[in-house]
Structure formats: C-alpha cells, structure tokens
Amino acid sequence: MSDSLPPAHPFDDDKLREECGIFGIHGVADAANFVALGLHALQHRGQEAGGIVTYTPDTGFNSARRFGYVRDTFTSQKLMETLPGTLGIGHVRYSTAGSKGQTQIRDVQPLFAEFAMGGCAIAHNGNITNAEALRRELIERGSIFQSSSDTECIIHLMARSIQKNIPERIKDALRRVEGAFSIVAMTRSKLIGVRDPLGVRPLMLGRLGEGYALASETCALDIIGAEFVREIEPGEMVIITDQGLESFFPFEKRKSKFCVFEHVYFSRPDSVIGGRSVYETRRMIGVELAKEAPVDADLVCPVPDSGTPAAIGYSQESGIPYAMGIIRNQYMGRTFIEPTEHIRNMGVRLKLNVNRALIRGKRIILVDDSVVRGTTSRKIKEMILDAGAAEVHFRIASPPTQWPCFYGVDTPEREKLLASTMSEEQMRDHLGVDSLKFVSLDGLYRACGEKKGRKAAEPQFCDACFSGQYPVRPLDMVDKGFKMKEPA
C-alpha cells in the first residue's frame, strides 16, 4: 500500500471534504470490534485512513493504523485479535491539516504517548487554528514532532504540563489551543471526551449495557445497538471509568457556534443533531428553497445522494413530481480501475448516469447540496442536456460558499470558490443552466429550527463558509496573509 491515496472518486473534488470521525467505548468486551463498527458508520467523515487503540492489563496498549476503508482493513479476524480489551478509541481521517494528499502512516490517528503517569491515546475531529504557532514555540523549547498532524501539539502541551494526572494535563493543553475540537482520549482505565467551548464539531454520548460510547454522530451509536443518551455540551469534558461518568466544564463559557454545514452535508441523514433529524432538516431546506425560488418545471431530481432529502422537500412544497433522474453507481470504489486519461475525461459518468427515458423532453430542477468549484455541476448539466432535457434549473440547498473553513474542513483557497469570484447570475452563465438559485441564510436557519432566521441578535451556528464571520480568528492563516471579512 502506498503512503498516500487519491480520493475515492477523483471527480468528487467539487465537494467540501468531511473532517474526521471519532469513536470511543468503555466497559464492553471486544471493544475493538465495536470501535470498528462505529468507524464504519462514520466512514463518510474520512476515507483516507483509520486507526484503533485498545488497552488490556495483559498486553498494555494495542494499536493498529491502516490506509483505506474500514471495511477493507479492520475486518480481518487476525488483525482484530491483536486489539484486545474492554476500552478502545478510533478515528477515520481525511487530512485537514499537514501535508494533504501525502498522508504518512505516522499522521494516522489515534496518536499515542507515554507520560510519567502512564500512556494516553488521543483522536481529534476538528482543526487547531493556532497549531503552527504552537508548533514553532514547542520546537524552540525542545519538542520533537513525529507527524504533520495538528493533534500532536496537544500531546506535546500535555508533556510540558505540571499536572499530576492525564485528564488535568488534557485540560491544560486544550486551554492553549484555538479553533474547533471534539476529542476522544483514553488512559489505562479512563475514556475521556472533550468538546471545544464553541461546540463547532459534534460529539455524542451513548450507553451500551453497563458501558458507555462516544461518537461523532448518533448513527455510529445505532450501528452498535447503543442507546443515545445526550450530546456532550460545548466546553464539556466527560471522564468515564468503571465507577461511572463524571462531567466537568474546564473552559470559559461561550455561546455555541455549531457548524451549520453538518446539517447541510457532513452528517449522515439518519443521524440526530441538537434533537433534530438531519434528514428532516435537509427536507425542510428543500421546502424553503421551493418557497424562495419557485420555477415552472416537470420534474424535481436530486443529485444523489446528498441532494435527495432537499429534493423531496422541494417537490412536496412545489407540487412538482419527484423523480430519480440521475442514478448513482454504488459500486464505483477506490480500486475500480487505474484511471487513464481517457477514463478521467469520462468524469462523473463513472459514478452517475442519467435516466434518459425519464429526462428526455422534460424541464428538470436539479437539487444539490452545494456548489464549490462548479466543475461537477457543469458536468452533470451536460449529461442532463445530452439526455434530451428541455431545460435545466439548479437549486442549491445551501447559501453560496464564499469563504474557506479553518475548523476541520478541507476547503479550496478562497479564489477557487466559485461564489467568491462571481455573482449568482455570473455563476448561472458559467454553469450554463437556465436558472440557478441558492437557499438564503435566513432560509437555512429556518430549516434548522430558528424561526427568526439568521436575524437573531447573534447567529446560533458557525456559518463562516457562507458569511465570512469567523467565530475564532484563524491565527495561522492570518499570519500567512489571509484577509478576513471587514466587520459590517
């Protein structure tokens, strides 16, 4: 296996890349198997690599890190037998910090370190926005880094703490970092979960028999048969031992700024966030789109799979029939073929195919979750027209993506974001469609349950990729010359 892997679908680069997925479990026999199942449910959050760490008194800490999908790596009985224990954590990765596209095995989480009071493994979802400044400081003070991961800064900060136990050292370290983080960590006897004070990234708590589980999404609890208990609150640390669960709030309290794009795209539709079904929120985005941007047409068709709930909502609100005008090839995997130049030029057709008999002669509304660079949208439009559609109207279930994310999402540089350089009408002309409309920020907030839209005194979500209003100043990027939006 090479040290780096291409995206599972090379022509999928017109999507924002999911951050990472984390999972931990305590007090359950064969913990590693439950971690592997949880990571499989979270595979959409990272397809580059995955790792599992477990602990048992007989063998100590046990670790396995592999490139590729969970289904291809952590299903070997021989491998899983090397990960005994009733306590374990895991991570699926898509690189958002370090050397993108050149992942080394040492970058794959969970990361592990031995301290004077024992070992600790850590897995992190999010992005530390002052990681480069911290790294420079730590190197100057003698730290030797082994990976390009921003998570390693936490390890070195813990090593320099004077606290007497690992949970206190984690608190010490996290008070120095800025940005977004949801973390699962483990010692020889403890499972630890922490969420940043803004609650940008999700973290869920579940119960399985006498044991507990922590996961990025509720769908990972469902797959192991765990009962969803609650979300870990912004700024909360939980410590789980054989004696039960303790909760602490070690950070200064701040207003929550949960990532609104979790509702739009990142989370699985069968997950629940903030007490709301992700599927239902996406369906309601489609309802808002139909109210804000109606158009005469014959069919409403999703760009599968992420556009499906919004397309259903658009159809229900508009009364225009819903139809599967585009069919997705579910079996186009990473190892399908070595893509020659000719195959690359076939592009989207390897993954999506038009239902020609349905499309021919029809006015089509295509509903997709977002437009980033616009490359895939243009290819899909061409496929629809080639199939004989009379008109193509794009409806996008998020506002225009105008700003990069620095909180754990891999986004292009700002000048490569279509909406940052073009007006909506210019984008329509660039994509070559009959009409193009995005849901408004107010409409998105209404779909997420905020009746006042975004007009509340302070928005309840982080929507920086749409608004340019960053809740945490991205220090490293500003130091590199990134110009933030001027306050209104």
Side-chain angles (χ1 to χ4, degrees), residues 1-10 12-13 17-23 32 35-36 39 42-54 61-74 76 79 82-83 88-114 119-136 138-139 142-159 173 177 179 181 183-186 333-335 338 406 408-412 476-477 480:
M1 184 73 72
S2 65
D3 281 345
S4 63
L5 288 170
H9 307 294
D12 248 0
D13 65 353
R17 294 289 181 185
E18 298 88 340
E19 323 84 23
C20 298
I22 56 176
F23 189 91
V35 175
L39 295 181
L42 299 171
Q43 190 75 84
H44 59 289
R45 301 184 74 89
Q47 296 93 47
E48 270 190 357
I52 296 175
V53 175
T54 64
F61 287 92
N62 315 284
S63 175
R65 295 184 286 178
R66 297 290 188 273
F67 290 114
Y69 293 130
V70 174
R71 70 182 185 210
D72 298 328
T73 53
F74 289 100
S76 160
L79 173 63
T82 69
L83 299 168
I89 65 172
H91 185 272
V92 285
R93 166 189 171 89
Y94 179 80
S95 57
T96 59
S99 52
K100 297 179 180 62
Q102 297 183 10
T103 297
Q104 306 293 314
I105 196 68
R106 61 178 177 265
D107 296 321
V108 180
Q109 298 183 45
L111 300 183
F112 176 80
E114 284 280 5
C120 178
I122 293 182
H124 166 218
N125 169 211
N127 196 48
I128 297 171
T129 56
N130 64 335
E132 292 184 25
L134 287 172
R135 180 181 286 251
R136 286 193 301 270
L138 288 162
I139 289 173
S143 294
I144 300 173
F145 280 76
Q146 301 295 318
S147 76
S148 65
S149 171
D150 58 344
T151 309
E152 193 175 353
C153 288
I154 300 170
I155 297 282
H156 289 286
L157 289 168
M158 289 173 62
V177 307
F181 55 82
I183 287 171
V184 292
M186 60 178 280
R334 190 187 299 278
T335 57
E338 183 66 29
F406 302 119
V409 182
D410 185 43
T411 43
D476 289 340
M477 298 310 298
K480 291 179 179 179

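Excluded from the calculations below are hydrogen atoms, water molecules and symmetry mates; all remaining heavy atoms, backbone and side chain alike, are included.
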Work out which heavy atom in [X] is nearest to a heavy atom in [Y]; give both atom names and the distance.
| X | Y | answer |
| --- | --- | --- |
| Ile155 | Ala113 | CG2-CB, 3.6 Å |
| His156 | Ile144 | CE1-O, 3.3 Å |
| Ala121 | Val53 | CB-CG1, 3.9 Å |
| Gln109 | His124 | OE1-N, 2.8 Å |
| Met158 | Cys120 | CE-SG, 4.0 Å |

Kindly compute the distance separating [atom1] ([X]) from [atom2] ([Y]), expressed to the nearest 0.5 Å.
| X | Y | atom1 | atom2 | value |
| --- | --- | --- | --- | --- |
| Phe67 | Thr73 | CZ | OG1 | 11.5 Å |
| Gln47 | Tyr94 | CD | OH | 9.0 Å |
| Phe406 | Asn127 | CZ | CG | 9.5 Å |
| Ile52 | Leu39 | CD1 | CG | 5.5 Å |
| Ser143 | Leu157 | OG | CG | 8.0 Å |
| Ser149 | Gln104 | OG | CD | 13.0 Å |

Donor-acceptor contact below 3.5 Å, side chain [X] vs main chain [Y]:
| X | Y | result |
| --- | --- | --- |
| Asn130 | Gly179 | no |
| Asp150 | Ala131 | no |
| Arg93 | Val108 | no |
| Glu152 | Gln146 | yes |
| Asn125 | Cys20 | yes |

Going through the distances and angles, do Leu138 and Phe145 end up as a side chain to side chain contact (heavy atoms under 4.5 Å, CB included)?
-> CA-CA 9 Å; Leu138 288 162; Phe145 280 76; 3.9 Å; yes

Residues which pass side-chain hydrogen bond (donor to acceptor under 3.5 Å, both in side chains) with His91, listed by chain and number, not counting sequence neighbours =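 Checked His91 against side-chain hydrogen bond (donor to acceptor under 3.5 Å, both in side chains); zero matches.
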
Test side chain to side chain contact (heavy atoms under 4.5 Å, CB included) on Arg65 and Leu111 and set out the steps.
-> CA-CA 10 Å; Arg65 295 184 286 178; Leu111 300 183; 4.1 Å; yes

Residues in ring pair (Phe, Tyr, Trp, His ring centres under 6.0 Å) with Phe74, at least two apart?
->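 Scan of Phe74 (ring pair (Phe, Tyr, Trp, His ring centres under 6.0 Å), adjacent residues dropped) gives none.
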
Do Val92 and Gln43 touch side chain to side chain, with heavy atoms closer than 4.5 Å?
->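 Yes; the side chains approach each other to less than 4.5 Å.
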
Any chance the side chains of Thr54 and Asn62 put a donor and an acceptor closer than 3.5 Å?
->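 Note: Thr54 and Asn62 side chains meet the donor-acceptor criterion.
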
Determine, stepwise, if the pair Ile183 / Ile154 fulfils side chain to side chain contact (heavy atoms under 4.5 Å, CB included).
-> CA-CA 11 Å; Ile183 287 171; Ile154 300 170; 3.7 Å; yes

